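Contents: one structure, followed by commentary.
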Amino acid sequence: MTPWWKHGVIYQIYPRSFADASGDGVGDLPGILAHVDYIERLGVDAVWLNPIYPSPMRDMGYDVADFTGVDPRFGTLEDLDALVDALHRRHIRLILDFVPNHSSDRHPWFEASRRESGGPMGRHYIWRGSRAHAPSGDLTSIFGGSAWSLDPERGQYYLHSFLAEQPDLNWEEPEVVRAMQEAMATWFRRGVDGFRVDAVTALAKDTYLLDDGTRPEAADLREFLHTAPRSPLMHRVLRSLRAVADTFGDRVLVGETWVNRIADLAAFYGDGDELQLPMNFALMEAEPTAAAWRTVVDETESALGEGRWPCYFLENHDIPRLPARVPDPELLRVVAVLLLTLRGTPIVYYGQELGLWSPPVPPEAQQDPVGRDGTRFGRDGARMPMPWTDAPGGGFSGAAPWLEIPPGYLRHAVSVQERRDDSLLALYRALIALRRSRPSLTEGAYREVAAGGALAYERLAPRERTWVMVNPEARPMRIPGPGGEILLATRPGVLARDGEIWRLEGRSAAIVDVR
Ligand code: GLC
(Lines give C-alpha, C1' and ligand atoms only; values in the text may rest on other atoms or scores of the structure.)
Protein backbone atom coordinates (compact mmCIF):
# COMPACT_ATOMS: atom_id res chain seq x y z
CA MET A 1 0.00 0.00 0.00
CA THR A 2 1.27 3.48 -0.82
CA PRO A 3 2.08 5.43 2.36
CA TRP A 4 -0.15 8.41 3.14
CA TRP A 5 2.63 10.96 2.80
CA LYS A 6 3.03 10.11 -0.89
CA HIS A 7 -0.59 10.92 -1.67
CA GLY A 8 -0.74 13.88 0.57
CA VAL A 9 -0.55 17.63 0.34
CA ILE A 10 1.18 19.13 3.38
CA TYR A 11 -0.03 22.50 4.68
CA GLN A 12 2.61 24.47 6.60
CA ILE A 13 1.28 26.64 9.42
CA TYR A 14 3.36 29.28 11.16
CA PRO A 15 1.63 29.06 14.56
CA ARG A 16 2.38 32.64 15.63
CA SER A 17 0.50 33.92 12.62
CA PHE A 18 -2.42 31.62 11.87
CA ALA A 19 -5.01 32.60 14.48
CA ASP A 20 -4.92 33.97 18.02
CA ALA A 21 -7.51 32.51 20.40
CA SER A 22 -6.02 33.75 23.68
CA GLY A 23 -6.14 37.43 22.70
CA ASP A 24 -2.48 38.33 23.24
CA GLY A 25 -1.73 39.13 19.61
CA VAL A 26 0.23 35.92 19.06
CA GLY A 27 -1.28 32.97 17.21
CA ASP A 28 -1.69 29.75 19.20
CA LEU A 29 -2.82 26.11 19.15
CA PRO A 30 -6.45 26.85 20.14
CA GLY A 31 -6.46 29.36 17.26
CA ILE A 32 -5.49 26.58 14.85
CA LEU A 33 -8.09 24.29 16.43
CA ALA A 34 -10.75 26.93 15.76
CA HIS A 35 -9.89 26.75 12.06
CA VAL A 36 -9.64 23.01 11.43
CA ASP A 37 -12.73 23.22 9.24
CA TYR A 38 -10.89 25.63 6.99
CA ILE A 39 -7.95 23.21 6.80
CA GLU A 40 -10.32 20.36 6.00
CA ARG A 41 -12.07 22.33 3.27
CA LEU A 42 -8.70 23.05 1.70
CA GLY A 43 -8.41 19.29 1.28
CA VAL A 44 -4.88 18.85 2.64
CA ASP A 45 -3.70 15.58 4.15
CA ALA A 46 -1.28 16.88 6.77
CA VAL A 47 -0.41 20.00 8.69
CA TRP A 48 3.18 20.92 9.58
CA LEU A 49 3.60 23.34 12.47
CA ASN A 50 6.73 25.44 12.95
CA PRO A 51 8.15 25.01 16.49
CA ILE A 52 5.70 25.25 19.37
CA TYR A 53 8.19 24.26 22.09
CA PRO A 54 9.09 26.34 25.16
CA SER A 55 11.56 28.92 23.94
CA PRO A 56 13.04 32.31 24.79
CA MET A 57 12.02 33.12 21.14
CA ARG A 58 15.34 34.60 20.12
CA ASP A 59 14.85 32.82 16.79
CA MET A 60 11.06 32.58 16.96
CA GLY A 61 10.99 29.17 18.57
CA TYR A 62 13.94 27.62 16.71
CA ASP A 63 15.82 28.12 19.98
CA VAL A 64 14.23 25.25 21.91
CA ALA A 65 14.46 25.18 25.72
CA ASP A 66 12.48 21.94 26.13
CA PHE A 67 12.08 19.46 23.28
CA THR A 68 8.98 17.82 24.75
CA GLY A 69 6.88 20.75 25.96
CA VAL A 70 4.60 23.43 24.56
CA ASP A 71 5.39 27.12 25.05
CA PRO A 72 2.63 28.81 27.12
CA ARG A 73 2.33 31.44 24.38
CA PHE A 74 1.05 28.68 22.09
CA GLY A 75 -1.00 26.83 24.71
CA THR A 76 -0.59 23.58 26.61
CA LEU A 77 0.10 19.92 25.94
CA GLU A 78 -3.65 19.35 26.26
CA ASP A 79 -4.24 21.90 23.49
CA LEU A 80 -1.81 19.95 21.34
CA ASP A 81 -3.64 16.69 22.11
CA ALA A 82 -6.95 18.34 21.25
CA LEU A 83 -5.54 19.52 17.93
CA VAL A 84 -4.17 16.06 17.10
CA ASP A 85 -7.63 14.61 17.86
CA ALA A 86 -9.54 17.16 15.85
CA LEU A 87 -7.24 16.69 12.85
CA HIS A 88 -7.25 12.91 13.09
CA ARG A 89 -11.05 12.86 13.19
CA ARG A 90 -10.86 14.57 9.80
CA HIS A 91 -8.15 12.16 8.55
CA ILE A 92 -5.54 14.91 8.61
CA ARG A 93 -2.08 14.16 10.06
CA LEU A 94 0.04 16.42 12.22
CA ILE A 95 3.74 17.01 11.60
CA LEU A 96 5.84 18.96 14.10
CA ASP A 97 9.16 20.70 13.56
CA PHE A 98 12.17 18.91 15.05
CA VAL A 99 15.33 20.92 15.69
CA PRO A 100 18.22 18.47 16.13
CA ASN A 101 21.09 20.78 15.32
CA HIS A 102 20.91 23.07 18.35
CA SER A 103 19.01 24.03 21.46
CA SER A 104 18.46 27.31 23.22
CA ASP A 105 21.28 28.51 25.48
CA ARG A 106 18.58 28.39 28.19
CA HIS A 107 18.07 24.67 27.75
CA PRO A 108 18.96 22.87 31.02
CA TRP A 109 21.46 20.75 29.06
CA PHE A 110 23.42 23.83 28.03
CA GLU A 111 23.22 25.34 31.48
CA ALA A 112 24.69 22.12 32.90
CA SER A 113 27.25 21.85 30.11
CA ARG A 114 28.64 25.32 30.67
CA ARG A 115 28.86 24.77 34.46
CA GLU A 116 30.78 21.51 34.47
CA SER A 117 33.05 20.40 31.64
CA GLY A 118 33.56 17.05 33.34
CA GLY A 119 29.88 16.64 34.29
CA PRO A 120 27.34 14.33 32.63
CA MET A 121 26.34 17.01 30.11
CA GLY A 122 29.89 18.30 29.61
CA ARG A 123 30.03 16.94 26.04
CA HIS A 124 26.44 17.70 24.99
CA TYR A 125 27.64 20.72 23.00
CA ILE A 126 30.66 21.41 20.81
CA TRP A 127 33.29 22.99 23.04
CA ARG A 128 36.78 23.96 21.85
CA GLY A 129 39.73 26.17 22.86
CA SER A 130 40.14 28.07 26.09
CA ARG A 131 39.95 31.64 27.37
CA ALA A 132 43.43 32.29 25.99
CA HIS A 133 43.08 30.32 22.75
CA ALA A 134 40.22 30.65 20.33
CA PRO A 135 39.50 27.45 18.36
CA SER A 136 41.34 26.98 15.10
CA GLY A 137 39.53 27.91 11.90
CA ASP A 138 37.68 31.15 11.54
CA LEU A 139 34.12 29.92 11.11
CA THR A 140 31.34 32.34 10.18
CA SER A 141 27.84 31.42 11.37
CA ILE A 142 24.89 31.14 8.99
CA PHE A 143 23.32 34.25 10.50
CA GLY A 144 26.64 36.19 10.29
CA GLY A 145 29.41 36.85 12.82
CA SER A 146 31.67 34.21 14.32
CA ALA A 147 30.25 30.73 14.85
CA TRP A 148 32.35 30.39 18.03
CA SER A 149 31.39 32.24 21.22
CA LEU A 150 33.33 32.26 24.48
CA ASP A 151 31.31 31.09 27.44
CA PRO A 152 32.68 33.03 30.42
CA GLU A 153 31.50 30.43 32.89
CA ARG A 154 33.21 27.42 31.35
CA GLY A 155 36.07 29.43 29.89
CA GLN A 156 35.74 27.69 26.53
CA TYR A 157 34.25 28.45 23.14
CA TYR A 158 31.06 26.74 21.91
CA LEU A 159 29.94 26.35 18.34
CA HIS A 160 26.69 27.87 17.07
CA SER A 161 25.71 27.50 13.42
CA PHE A 162 23.04 30.18 13.92
CA LEU A 163 22.67 32.71 16.78
CA ALA A 164 24.95 32.66 19.84
CA GLU A 165 21.74 31.79 21.76
CA GLN A 166 21.49 28.57 19.71
CA PRO A 167 24.47 26.38 20.73
CA ASP A 168 24.97 23.35 18.46
CA LEU A 169 24.37 19.93 19.99
CA ASN A 170 27.16 17.38 19.83
CA TRP A 171 25.78 14.37 17.98
CA GLU A 172 29.05 12.50 18.51
CA GLU A 173 27.94 12.16 22.13
CA PRO A 174 25.82 8.98 22.55
CA GLU A 175 23.78 10.55 25.34
CA VAL A 176 22.65 13.35 22.99
CA VAL A 177 21.54 10.78 20.41
CA ARG A 178 19.60 8.87 23.04
CA ALA A 179 17.94 11.94 24.56
CA MET A 180 16.90 13.35 21.18
CA GLN A 181 15.55 9.98 20.07
CA GLU A 182 13.54 9.87 23.27
CA ALA A 183 12.18 13.40 22.64
CA MET A 184 11.01 12.32 19.19
CA ALA A 185 9.46 9.13 20.58
CA THR A 186 7.56 11.16 23.18
CA TRP A 187 5.71 13.03 20.43
CA PHE A 188 5.05 9.89 18.42
CA ARG A 189 3.46 8.37 21.52
CA ARG A 190 1.24 11.45 21.74
CA GLY A 191 -0.03 10.71 18.23
CA VAL A 192 2.12 13.06 16.17
CA ASP A 193 2.50 11.65 12.64
CA GLY A 194 5.89 12.97 11.66
CA PHE A 195 8.48 15.72 11.74
CA ARG A 196 9.99 18.30 9.51
CA VAL A 197 13.64 18.04 10.52
CA ASP A 198 15.22 21.49 10.75
CA ALA A 199 18.58 22.53 9.30
CA VAL A 200 19.60 19.02 8.26
CA THR A 201 22.70 20.17 6.40
CA ALA A 202 24.04 21.97 9.48
CA LEU A 203 24.43 18.58 11.14
CA ALA A 204 27.46 17.85 9.00
CA LYS A 205 30.11 18.92 11.48
CA ASP A 206 32.27 15.85 11.48
CA THR A 207 35.08 16.66 13.85
CA TYR A 208 37.76 16.18 11.22
CA LEU A 209 36.32 19.17 9.37
CA LEU A 210 35.79 21.25 12.49
CA ASP A 211 39.25 20.85 13.90
CA ASP A 212 41.14 21.43 10.70
CA GLY A 213 41.10 25.18 10.25
CA THR A 214 43.10 24.94 7.02
CA ARG A 215 40.16 23.57 5.05
CA PRO A 216 38.80 26.37 2.87
CA GLU A 217 35.29 24.89 2.96
CA ALA A 218 35.26 25.43 6.71
CA ALA A 219 35.62 29.22 6.54
CA ASP A 220 31.91 29.98 6.28
CA LEU A 221 29.31 27.59 7.63
CA ARG A 222 27.05 28.42 4.72
CA GLU A 223 29.63 26.80 2.43
CA PHE A 224 30.15 23.99 4.87
CA LEU A 225 26.48 23.01 4.50
CA HIS A 226 27.06 21.85 0.95
CA THR A 227 29.39 19.13 2.20
CA ALA A 228 26.47 17.59 4.10
CA PRO A 229 25.51 14.92 1.55
CA ARG A 230 28.99 13.43 2.05
CA SER A 231 29.05 13.73 5.85
CA PRO A 232 29.10 10.38 7.69
CA LEU A 233 27.93 12.14 10.86
CA MET A 234 24.86 13.67 9.22
CA HIS A 235 23.84 10.31 7.77
CA ARG A 236 24.27 8.72 11.19
CA VAL A 237 22.00 11.33 12.75
CA LEU A 238 19.31 10.86 10.10
CA ARG A 239 19.43 7.08 10.47
CA SER A 240 19.09 7.37 14.24
CA LEU A 241 15.96 9.54 13.86
CA ARG A 242 14.45 7.36 11.16
CA ALA A 243 14.98 4.29 13.33
CA VAL A 244 12.71 5.89 15.94
CA ALA A 245 10.09 6.87 13.35
CA ASP A 246 10.05 3.34 11.93
CA THR A 247 9.35 1.72 15.29
CA PHE A 248 6.03 3.63 15.29
CA GLY A 249 5.10 2.62 11.71
CA ASP A 250 3.48 4.97 9.20
CA ARG A 251 5.37 8.13 10.36
CA VAL A 252 7.17 10.55 8.09
CA LEU A 253 10.38 12.56 8.25
CA VAL A 254 10.48 15.58 5.98
CA GLY A 255 13.78 17.46 5.98
CA GLU A 256 15.10 20.94 5.39
CA THR A 257 17.77 19.95 2.88
CA TRP A 258 18.99 23.10 1.16
CA VAL A 259 21.69 22.07 -1.33
CA ASN A 260 23.30 23.70 -4.37
CA ARG A 261 22.91 20.75 -6.70
CA ILE A 262 19.69 18.84 -7.18
CA ALA A 263 21.70 15.63 -7.64
CA ASP A 264 22.83 15.95 -3.99
CA LEU A 265 19.24 15.46 -2.79
CA ALA A 266 19.40 11.71 -3.41
CA ALA A 267 21.87 11.30 -0.53
CA PHE A 268 19.33 12.34 2.12
CA TYR A 269 17.10 9.35 1.41
CA GLY A 270 19.94 7.03 2.49
CA ASP A 271 19.13 3.45 1.59
CA GLY A 272 15.50 4.10 2.38
CA ASP A 273 16.59 4.49 6.01
CA GLU A 274 16.97 8.29 6.32
CA LEU A 275 14.45 10.99 5.26
CA GLN A 276 11.37 10.02 3.25
CA LEU A 277 10.89 13.58 2.00
CA PRO A 278 14.00 15.75 1.67
CA MET A 279 12.70 19.15 0.57
CA ASN A 280 13.71 20.24 -2.91
CA PHE A 281 14.48 23.98 -2.81
CA ALA A 282 15.17 24.21 -6.54
CA LEU A 283 11.58 24.76 -7.69
CA MET A 284 11.21 27.64 -5.27
CA GLU A 285 14.48 29.13 -6.54
CA ALA A 286 13.65 28.74 -10.26
CA GLU A 287 12.67 31.68 -12.45
CA PRO A 288 9.01 31.39 -13.50
CA THR A 289 9.78 30.17 -17.02
CA ALA A 290 9.01 26.86 -18.69
CA ALA A 291 12.74 26.35 -19.39
CA ALA A 292 13.74 26.80 -15.73
CA TRP A 293 10.92 24.55 -14.46
CA ARG A 294 11.76 21.90 -17.06
CA THR A 295 15.41 21.87 -15.91
CA VAL A 296 14.43 21.51 -12.24
CA VAL A 297 11.94 18.73 -12.87
CA ASP A 298 14.19 16.84 -15.32
CA GLU A 299 17.14 16.99 -12.93
CA THR A 300 14.98 15.95 -10.01
CA GLU A 301 13.42 13.05 -11.88
CA SER A 302 16.78 11.76 -13.06
CA ALA A 303 18.54 12.29 -9.70
CA LEU A 304 15.81 10.57 -7.68
CA GLY A 305 14.58 7.93 -10.12
CA GLU A 306 11.33 6.12 -9.45
CA GLY A 307 12.26 4.83 -6.02
CA ARG A 308 12.63 8.15 -4.21
CA TRP A 309 9.66 10.43 -3.80
CA PRO A 310 10.19 14.17 -4.50
CA CYS A 311 8.98 16.94 -2.21
CA TYR A 312 8.34 20.36 -3.72
CA PHE A 313 7.30 23.71 -2.29
CA LEU A 314 7.27 27.35 -3.39
CA GLU A 315 7.08 29.31 -0.15
CA ASN A 316 8.09 28.98 3.48
CA HIS A 317 8.77 31.04 6.60
CA ASP A 318 12.38 31.85 5.64
CA ILE A 319 11.96 33.35 2.17
CA PRO A 320 9.90 36.16 0.66
CA ARG A 321 6.48 34.98 -0.52
CA LEU A 322 5.87 34.05 -4.16
CA PRO A 323 4.79 37.47 -5.51
CA ALA A 324 8.40 38.64 -4.97
CA ARG A 325 9.42 36.21 -7.74
CA VAL A 326 6.12 35.77 -9.55
CA PRO A 327 4.70 39.29 -9.76
CA ASP A 328 1.64 38.56 -11.94
CA PRO A 329 -1.59 37.28 -10.32
CA GLU A 330 -2.28 35.05 -13.35
CA LEU A 331 1.17 33.49 -12.93
CA LEU A 332 0.35 32.71 -9.30
CA ARG A 333 -2.46 30.55 -10.66
CA VAL A 334 -0.09 28.86 -13.12
CA VAL A 335 2.48 27.97 -10.44
CA ALA A 336 -0.30 26.57 -8.25
CA VAL A 337 -1.15 24.11 -11.04
CA LEU A 338 2.53 23.23 -11.43
CA LEU A 339 3.15 22.62 -7.71
CA LEU A 340 0.04 20.47 -7.29
CA THR A 341 0.47 18.28 -10.36
CA LEU A 342 4.16 17.33 -10.35
CA ARG A 343 5.20 13.88 -9.15
CA GLY A 344 5.90 14.30 -5.46
CA THR A 345 4.45 15.62 -2.23
CA PRO A 346 3.73 19.36 -2.37
CA ILE A 347 3.92 21.66 0.64
CA VAL A 348 1.65 24.72 0.66
CA TYR A 349 2.53 27.53 3.09
CA TYR A 350 -0.41 29.13 4.95
CA GLY A 351 -1.61 32.18 3.04
CA GLN A 352 -0.06 31.01 -0.23
CA GLU A 353 -3.58 29.93 -1.20
CA LEU A 354 -4.70 33.54 -0.67
CA GLY A 355 -1.92 35.07 -2.76
CA LEU A 356 -0.36 36.92 0.19
CA TRP A 357 2.88 38.81 -0.42
CA SER A 358 5.77 39.83 1.83
CA PRO A 359 5.43 43.51 2.69
CA PRO A 360 8.50 45.49 3.71
CA VAL A 361 8.85 45.74 7.50
CA PRO A 362 10.60 48.88 8.79
CA PRO A 363 13.77 48.10 10.80
CA GLU A 364 12.27 49.37 14.08
CA ALA A 365 9.31 46.95 13.73
CA GLN A 366 11.45 43.91 12.77
CA GLN A 367 10.93 40.93 15.05
CA ASP A 368 13.23 38.51 13.23
CA PRO A 369 16.76 38.62 14.66
CA VAL A 370 18.13 38.11 11.15
CA GLY A 371 16.52 41.29 9.82
CA ARG A 372 17.09 43.51 12.82
CA ASP A 373 20.72 44.41 12.31
CA GLY A 374 19.98 45.40 8.73
CA THR A 375 22.78 43.27 7.23
CA ARG A 376 20.50 40.51 5.93
CA PHE A 377 17.01 40.19 4.58
CA GLY A 378 14.54 39.93 7.49
CA ARG A 379 11.96 37.14 7.35
CA ASP A 380 9.02 38.92 9.01
CA GLY A 381 7.40 39.70 5.65
CA ALA A 382 6.79 35.99 5.09
CA ARG A 383 5.30 35.54 8.58
CA MET A 384 2.41 38.04 8.60
CA PRO A 385 -0.86 37.24 10.40
CA MET A 386 -3.46 35.39 8.33
CA PRO A 387 -6.37 37.61 7.20
CA TRP A 388 -9.58 35.68 7.92
CA THR A 389 -12.05 38.49 7.32
CA ASP A 390 -11.92 41.95 5.78
CA ALA A 391 -12.83 43.65 9.05
CA PRO A 392 -10.05 45.77 10.60
CA GLY A 393 -7.56 43.38 12.19
CA GLY A 394 -8.52 40.65 9.73
CA GLY A 395 -10.18 38.47 12.38
CA PHE A 396 -6.73 37.25 13.45
CA SER A 397 -6.79 38.43 17.06
CA GLY A 398 -8.74 40.55 19.52
CA ALA A 399 -5.53 42.41 20.35
CA ALA A 400 -2.84 44.19 18.35
CA PRO A 401 -1.08 41.37 16.45
CA TRP A 402 2.65 40.71 16.91
CA LEU A 403 3.15 41.97 13.36
CA GLU A 404 0.76 44.51 11.91
CA ILE A 405 -1.47 43.10 9.16
CA PRO A 406 -0.77 45.02 5.95
CA PRO A 407 -4.00 46.85 4.97
CA GLY A 408 -3.86 45.34 1.46
CA TYR A 409 -4.19 41.85 2.97
CA LEU A 410 -7.84 42.42 3.86
CA ARG A 411 -8.89 42.36 0.19
CA HIS A 412 -7.36 38.87 0.05
CA ALA A 413 -9.04 37.63 3.23
CA VAL A 414 -10.52 34.13 3.42
CA SER A 415 -14.07 35.50 3.80
CA VAL A 416 -13.66 37.60 0.65
CA GLN A 417 -12.21 34.78 -1.46
CA GLU A 418 -14.79 32.27 -0.27
CA ARG A 419 -17.48 34.42 -1.90
CA ARG A 420 -15.88 34.12 -5.33
CA ASP A 421 -15.57 31.12 -7.65
CA ASP A 422 -12.66 32.72 -9.47
CA SER A 423 -10.51 33.39 -6.39
CA LEU A 424 -7.04 31.91 -5.90
CA LEU A 425 -8.39 30.10 -2.84
CA ALA A 426 -11.09 28.47 -4.98
CA LEU A 427 -8.41 27.37 -7.45
CA TYR A 428 -6.26 25.80 -4.70
CA ARG A 429 -9.29 23.95 -3.36
CA ALA A 430 -10.26 22.70 -6.81
CA LEU A 431 -6.69 21.62 -7.61
CA ILE A 432 -6.24 19.75 -4.35
CA ALA A 433 -9.63 18.05 -4.76
CA LEU A 434 -8.80 17.04 -8.34
CA ARG A 435 -5.41 15.74 -7.28
CA ARG A 436 -7.03 13.64 -4.58
CA SER A 437 -9.57 12.17 -6.97
CA ARG A 438 -7.04 11.02 -9.58
CA PRO A 439 -4.49 8.27 -8.91
CA SER A 440 -2.42 9.47 -11.87
CA LEU A 441 -1.92 12.83 -10.15
CA THR A 442 -1.28 11.48 -6.67
CA GLU A 443 1.04 8.59 -7.42
CA GLY A 444 1.39 8.25 -11.18
CA ALA A 445 4.61 8.32 -13.16
CA TYR A 446 5.81 11.56 -14.72
CA ARG A 447 6.66 11.94 -18.39
CA GLU A 448 7.39 15.17 -20.17
CA VAL A 449 5.55 15.46 -23.47
CA ALA A 450 7.09 17.39 -26.32
CA ALA A 451 6.05 21.02 -26.38
CA GLY A 452 7.69 24.30 -27.35
CA GLY A 453 7.71 27.25 -24.99
CA ALA A 454 5.19 25.77 -22.57
CA LEU A 455 5.80 22.94 -20.15
CA ALA A 456 3.58 19.95 -20.77
CA TYR A 457 3.67 16.63 -19.01
CA GLU A 458 1.71 13.52 -18.58
CA ARG A 459 0.95 11.72 -15.31
CA LEU A 460 0.25 8.04 -15.76
CA ALA A 461 -1.59 5.49 -13.65
CA PRO A 462 -2.61 2.01 -14.81
CA ARG A 463 -6.06 3.08 -16.01
CA GLU A 464 -5.69 6.82 -16.18
CA ARG A 465 -3.76 9.44 -18.12
CA THR A 466 -3.66 13.08 -17.17
CA TRP A 467 -2.08 15.82 -19.24
CA VAL A 468 -0.92 19.03 -17.59
CA MET A 469 -0.03 22.07 -19.68
CA VAL A 470 1.47 25.18 -18.11
CA ASN A 471 2.28 28.33 -20.01
CA PRO A 472 4.05 31.04 -18.01
CA GLU A 473 4.72 33.15 -21.15
CA ALA A 474 2.52 36.11 -22.08
CA ARG A 475 1.80 34.68 -25.58
CA PRO A 476 -0.43 31.69 -26.40
CA MET A 477 1.21 28.32 -27.05
CA ARG A 478 0.30 25.52 -29.45
CA ILE A 479 0.80 22.06 -28.05
CA PRO A 480 0.26 18.98 -30.24
CA GLY A 481 -1.34 16.12 -28.35
CA PRO A 482 -4.34 13.83 -27.92
CA GLY A 483 -7.78 15.26 -27.26
CA GLY A 484 -9.69 14.76 -24.03
CA GLU A 485 -11.87 16.28 -21.41
CA ILE A 486 -10.69 19.49 -19.75
CA LEU A 487 -10.76 18.85 -15.99
CA LEU A 488 -9.49 22.19 -14.74
CA ALA A 489 -8.15 25.44 -16.16
CA THR A 490 -6.74 28.52 -14.48
CA ARG A 491 -9.55 30.52 -16.18
CA PRO A 492 -12.53 29.35 -18.22
CA GLY A 493 -11.81 29.14 -21.94
CA VAL A 494 -7.98 29.35 -21.81
CA LEU A 495 -7.56 25.95 -23.47
CA ALA A 496 -9.10 25.11 -26.84
CA ARG A 497 -8.75 22.35 -29.40
CA ASP A 498 -7.61 23.22 -32.92
CA GLY A 499 -7.45 20.01 -35.00
CA GLU A 500 -4.71 17.85 -33.43
CA ILE A 501 -3.40 20.74 -31.40
CA TRP A 502 -4.17 22.33 -28.04
CA ARG A 503 -4.06 26.10 -27.93
CA LEU A 504 -3.26 27.43 -24.47
CA GLU A 505 -3.57 31.14 -23.72
CA GLY A 506 -0.67 33.10 -22.21
CA ARG A 507 -0.16 32.98 -18.42
CA SER A 508 -2.47 30.03 -18.01
CA ALA A 509 -2.54 26.33 -17.30
CA ALA A 510 -4.93 23.43 -17.76
CA ILE A 511 -5.38 19.78 -16.86
CA VAL A 512 -6.88 17.28 -19.30
CA ASP A 513 -8.13 13.71 -18.98
CA VAL A 514 -6.72 12.00 -22.09
CA ARG A 515 -7.74 8.45 -21.24
C1 GLC B 1 15.94 26.69 9.74
C2 GLC B 1 14.61 27.35 9.98
C3 GLC B 1 14.84 28.80 10.29
C4 GLC B 1 15.68 28.89 11.54
C5 GLC B 1 16.97 28.08 11.38
C6 GLC B 1 17.67 27.91 12.68
O7 GLC B 1 16.59 27.18 8.66
O8 GLC B 1 13.77 27.15 8.87
O9 GLC B 1 13.65 29.51 10.44
O10 GLC B 1 16.00 30.23 11.80
O11 GLC B 1 16.72 26.78 10.91
O12 GLC B 1 17.00 26.97 13.49
Side-chain angles (χ1 to χ4, degrees), residues 10 12-17 27 48-67 71 95-107 110 125-126 140-145 147 149 158-169 171 180 183 195-205 220-222 224-226 228 234 237 253-260 268 275 277-281 284-285 311 313-321 347 349-350 358 361 366-373 375-384 402-403:
I10 300 174
Q12 178 190 353
I13 291 181
Y14 198 68
R16 289 182 89 79
S17 299
W48 148 34
L49 301 183
N50 288 97
I52 42 124
Y53 312 114
S55 164
M57 301 288 168
R58 298 307 305 262
D59 186 21
M60 295 301 153
Y62 280 98
D63 45 329
V64 180
D66 171 2
F67 289 103
D71 191 280
I95 297 174
L96 294 183
D97 220 296
F98 192 72
V99 189
N101 182 68
H102 46 268
S103 75
S104 157
D105 62 343
R106 305 286 181 77
H107 195 291
F110 189 70
Y125 295 83
I126 301 174
T140 306
S141 89
I142 293 161
F143 286 169
S149 284
Y158 64 92
L159 184 76
H160 50 89
S161 298
F162 298 91
L163 299 175
E165 293 88 349
Q166 294 169 296
D168 282 27
L169 284 160
W171 280 85
M180 292 300 276
F195 289 93
R196 172 268 192 186
V197 183
D198 181 61
V200 168
T201 50
L203 293 164
K205 294 164 306 259
D220 186 327
L221 269 174
R222 277 174 302 179
F224 202 104
L225 302 186
H226 301 296
M234 186 214 64
V237 176
L253 296 182
V254 186
E256 188 195 15
T257 47
W258 203 329
V259 286
N260 279 345
F268 299 98
L275 301 172
L277 296 175
M279 291 164 65
N280 185 343
F281 280 69
M284 173 276 281
E285 288 169 330
C311 177
F313 68 96
L314 295 166
E315 290 193 348
N316 72 26
H317 61 291
D318 290 327
I319 47 176
R321 284 186 180 273
I347 306 178
Y349 185 51
Y350 86 99
S358 295
V361 177
Q366 283 279 349
Q367 305 282 324
D368 179 18
V370 176
R372 245 181 272 146
D373 69 358
T375 59
R376 287 173 197 225
F377 186 84
R379 298 169 295 180
D380 289 343
R383 303 172 175 182
M384 290 286 155
W402 74 286
L403 286 171

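Here, residue 1 is the first one in the sequence, and each next residue gets the next number. Remember, it's 1-based here, ligands and their atoms both numbered in the order they're listed. Computed from a predicted structure; not experimentally measured.
Contact of the V370 side chain with the R379 side chain is registered, since non-hydrogen atoms from C-beta on lie closer than 4.5 Å. Residues S149 and H160 have side chains in contact (heavy-atom distance under 4.5 Å, counting atoms from C-beta outward).
Using bins of under 30°, 30° to 60° and over 60° for the plane-to-plane angle, the ring pair W258/F281 lands in the parallel bin.
The ring of H107 has its center closer than 6.0 angstrom to the ring center of F67.
Under the 3.5 Å distance criterion, the side-chain polar atoms of W402 are matched with a main-chain donor or acceptor of R16.
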From CA spacing to verdict: ring pair (Phe, Tyr, Trp, His ring centres under 6.0 Å), Y349, F313
CA-CA 8 Å; Y349 185 51; F313 68 96; 9.5 Å; no
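Sorted by chain then number, the residues whose non-hydrogen atoms approach ligand 1 to under 4.0 Å are D59, Y62, H102, F143, F162, Q166, R196, D198, E256, H317, D318, R379, R383.
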